[in-house]
Amino acid sequence: MSNSSNELMKARRFLPLFLTQFFGALNDNLFKNALLVMIVSAGIAEATNVNTVVNLAAGLFILPFFLFSALAGQLADKHEKSLVIRRIKLAEILIMMLGALAFWLGALWLLLAVLFLMGAQSAFFGPVKYAILPQHLGEDELLAGNARVGMGTFVAILVGTIAGSLLGGTASAHWLVGAVVICVAVTGWYSSRQIPLAEARAPSLRIDWNTPRISWQLIRLATEKQTVFLAILGISWFWMLGASYLTQMPNFTITVLRGTPGVIALILSAFTVGVALGAMLCGRLSGAQVEIGLVPLGAIGLSLFGIDLYFAATGYTAENPVAVAGFILRPDGLRVLLDIALLGLFGGLYIVPLYAMVQARTEPQLRARIIGSNNILNAFFMVLASLLGILFLGAAGFRIEELFLVLALMNIAVAVFIFLQVPEFTMRFLVWLIGHSLYRVKHRGLDLIPLKGPAILVCNHVSYVDALLLAGAVRRPICFVMYKPIYELPVLNFIFRTGGAIPICSKGEDPAAYQRAMEMIDGALNRGQLLCLFPEGKLTEDGEIDTFKKGIEQILARNPVRIVPMALQGLWKSFFSRSHGGAFRKPFRPGWRQVAVIAGTPIPAESASVGRLQAEVAALRGENK
């Protein structure tokens, strides 16, 4: 499958789903914001009850995610997914027809009921939307697909928020809003009819209608795989941050920035566009794989620009109301706007890999239910955001900018907790950083590496960062078998240990360590893992490939698995190689260095002699060292 984003957007297996979710998110926000504007300005609610009704409306939209996400996950796993989506979109048309009637009658109770039903159909759509993506996309397209979905969702939120606010303020809102939401719902339903079939992953599943029980069971199910559950917590934490910022931004703009309503729209747009751009940038920075190394980068940006927003706001002064043009022309106003846009951008870098990670590391027959548990926790954290605002801004008497500072500092604490629990995030971040700051890495033949099952990569050994570059290039997680002294190097040891590398040395150096390494190798291959060895046993000292050791033949005698020859080009004479007197002794010259990671055709174990492997690697390496 092609990993080209442009080709993906044209593909029938993706475009109809993208349009369906886009129009769904658009309609949710259009209806909700039009209703809120009419409550505030059109006299639908008594003036004394406006705040109560506004908060009640927000709660009624979130409540279905608590009530129905677990059931939605079960239905998405049990039934063919495109059919589930079409029925959900058909229900949306009926709900919007009821909403149009409620707008026409000006019946507040009916409008709130429709808002609850809108939340319900969104709760049913969420699990099937994310569960169907891995069935229609290849592993090399999954992150790009999630990036497109994330971008589309936030663009739809932005358009729906603006359009709903504008339509809700018109004199013809009572009939105009109803007509528009019906048209959008019909368009979304038509798009859903083009979605290809996606077979049921758990057709024999018995539906449990006891919502509290199954919700708790799904959350417990998600906790069984620590990395997946912590990714879900990270996603929920982002939604709490996003809800906190978006909820406080209108009041922050009026009371702190002295902005007009146009400035409110500008700031909300900056945050939403930032998230969409971050989602798109994530696809570019990740390449074809699910790159969770971007999650720490996103977390750093969220805290850094959250803290700067506090200082920008405390240094901002305005005596008179400021319109859009005046706000942009002010240096302190532009700084605030940039901070908010970058909060959104780094939020996109943070959340997209987490969604892709949950999809990629969840068993297909459980995927929709796990995503349902994610939606339950998302809703809980969004409610927590409201309680946090009430606690700090009300009971504690904090200013809004001080709340933003608290959120940024809390984000540091949450990120440190998650990354300590799953060091793989930090390890992948360091791998990504080295692979994108010091080198410009090209790949060739990596699609020849088996996507599943046990296999061994054999590669020439040129520098101390060979393992990092290979780990960043190959889509599958790699278990490295490496020379014990290199494994024990400071800083790099953290990365190798976190990545599950196996330290090895010769029998003569340390018989016990050698035996332990062979047992660990057997266990890894029995579990179907991908291993990588550097058969030279040491770094090259002259740029040429040294003699391969016989250890690879002993491993293959015990574990007859496929061997994939690989080669690294362009690393000789680099800072981390042993050229010019040894690694780290030559002057460090910042800048890009062209490096190539090349894979050859897999070789059966019975044909993989040391001589043949060395010849294959030498041929792949060519003349460029």
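Just so we're clear, the structure is a prediction, and the values are computed from it rather than from any experiment.
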Minimum-distance pair of heavy atoms, taken over all atoms of [X] and [Y]:
X: Val481; Y: Leu531; answer: CG2-CD2, 3.9 Å
X: Gly99; Y: Leu111; answer: O-CD2, 4.1 Å
X: His136; Y: Ala198; answer: NE2-CB, 3.8 Å
X: Pro134; Y: Ala131; answer: CD-O, 3.3 Å
X: Ala123; Y: Phe68; answer: CB-CB, 4.4 Å
X: Leu349; Y: Gly278; answer: CD2-O, 3.6 Å

Spacing of [X] atom [atom1] and [Y] atom [atom2] [to the nearest 0.5 Å]:
X: Leu112; Y: Leu117; atom1: CG; atom2: CG; value: 11.0 Å
X: Glu80; Y: Leu197; atom1: CD; atom2: CG; value: 4.5 Å
X: Ile132; Y: Ile195; atom1: CD1; atom2: CD1; value: 5.5 Å
X: Met382; Y: Leu384; atom1: CE; atom2: CG; value: 11.5 Å
X: Leu530; Y: Ile449; atom1: CG; atom2: CD1; value: 6.5 Å
X: Ile93; Y: Leu98; atom1: CD1; atom2: CG; value: 14.0 Å

Quiz item: Hey, mind stepping through Phe14 and Val149 against side chain to side chain contact (heavy atoms under 4.5 Å, CB included) and telling me if it holds?
Solution: CA-CA 10 Å; Phe14 180 75; Val149 168; 4.0 Å; yes
Those residues that, when tested against [X], pass side chain to side chain contact (heavy atoms under 4.5 Å, CB included) (two or more places apart):
X: Ala517; value: Ile502, Ile504
X: Arg87; value: Leu83
X: Ala34; value: Val177

Could you tell me if the side chain of [Y] sits less than 4.5 Å from the side chain of [X], heavy atoms only?
X: Val155; Y: Thr272; answer: no
X: Leu35; Y: Phe61; answer: no
X: Ile85; Y: Lys129; answer: no
X: Val474; Y: His443; answer: no
X: Ile555; Y: Ile456; answer: yes
X: Val181; Y: Val184; answer: no
X: Phe381; Y: Leu241; answer: no
X: Phe124; Y: Pro64; answer: no

Self-check item: Cation-aromatic face contact Lys89/Tyr190, 6.0 Å, 45 degrees
Solution: no
Could you pull out all residues at least two apart from [X] that satisfy salt bridge (Lys or Arg N to Asp or Glu O under 4.0 Å)?
X: Asp77; value: Arg369
X: Lys81; value: none
X: Arg213; value: Asp208
X: Arg201; value: Glu199

Practice problem: Run through Leu470, Leu533, Leu469 and flag the one making a side-chain contact (heavy atoms from CB on, under 4.5 Å) with Cys459. | Solution: Leu470
Quiz item: So which pairs with a foot in residues 228-245 pass side-chain hydrogen bond (donor to acceptor under 3.5 Å, both in side chains), sequence neighbours left out?
Solution: Ser236-Asn378, Trp237-Asn411, Trp239-Tyr355
Quiz item: Does CZ in Arg220 sit with more than 12 non-hydrogen atoms of other residues, nucleotides or ligands closer than 6.0 Å?
Solution: no
Quiz prompt | Crowding at CZ, Phe116 (>12 non-hydrogen neighbours, <6.0 Å) | solution = yes
Quiz prompt | Geometric class of the Phe238/Tyr350 ring pair [parallel <30°, tilted 30-60°, perpendicular >60°] | solution = tilted
Self-check item: Qualifying salt bridge (charged side-chain N to carboxylate O under 4.0 Å, His left out) pairs, either residue in residues 118-127, two or more places apart
Solution: none
Exercise. Just grab all the salt bridge (charged side-chain N to carboxylate O under 4.0 Å, His left out) pairs involving residues 228-242, residues at least two apart or on different chains.
Key: none
Distance-only check: which donor-acceptor pairs under 3.5 Å involve side-chain atoms of residues 15-26, not counting sequence neighbours?
{"residue": "Thr20", "atom": "OG1", "partner": "Pro16", "partner atom": "O", "Å": "2.7"}
{"residue": "Thr20", "atom": "OG1", "partner": "Ser192", "partner atom": "N", "Å": "3.2"}
{"residue": "Gln21", "atom": "OE1", "partner": "Thr153", "partner atom": "OG1", "Å": "2.8"}
{"residue": "Gln21", "atom": "NE2", "partner": "Phe18", "partner atom": "O", "Å": "3.1"}

Quiz item: When you look at Met118 and Met96, which way does the side chain to side chain contact (heavy atoms under 4.5 Å, CB included) test go after all the steps?
Solution: CA-CA 8 Å; Met118 284 293 291; Met96 289 298 91; 2.8 Å; yes
Quiz item: Which is it for Ile300 and Phe346 under the side chain to side chain contact (heavy atoms under 4.5 Å, CB included) test, yes or no, and what are the steps along the way?
Solution: CA-CA 8 Å; Ile300 291 169; Phe346 279 95; over 6 Å; no
Quiz item: Looking only at atom types and distance, does a side-chain atom of Arg193 sit under 3.5 Å from a main-chain N or O of Arg86, one as donor and one as acceptor?
Solution: no
Exercise. May I ask you to decide if Ala202's main-chain N or O and Lys78's side chain share a donor-acceptor pair within less than 3.5 Å?
Key: no
Donor-acceptor contacts, no H, no angles, side chain residues 518-527, under 3.5 Å, sequence neighbours left out:
{"residue": "Glu519", "atom": "OE2", "partner": "Gln515", "partner atom": "NE2", "Å": "3.3"}
{"residue": "Asp522", "atom": "OD1", "partner": "Arg558", "partner atom": "NE", "Å": "3.4"}
{"residue": "Asp522", "atom": "OD1", "partner": "Asn559", "partner atom": "ND2", "Å": "2.6"}
{"residue": "Asp522", "atom": "OD2", "partner": "Arg558", "partner atom": "NE", "Å": "3.2"}
{"residue": "Asp522", "atom": "OD2", "partner": "Arg558", "partner atom": "NH2", "Å": "2.3"}
{"residue": "Asn526", "atom": "ND2", "partner": "Asp522", "partner atom": "O", "Å": "3.1"}
{"residue": "Arg527", "atom": "NE", "partner": "Gln529", "partner atom": "OE1", "Å": "3.1"}
{"residue": "Arg527", "atom": "NH1", "partner": "Gly523", "partner atom": "O", "Å": "3.4"}
{"residue": "Arg527", "atom": "NH2", "partner": "Gln529", "partner atom": "OE1", "Å": "3.0"}

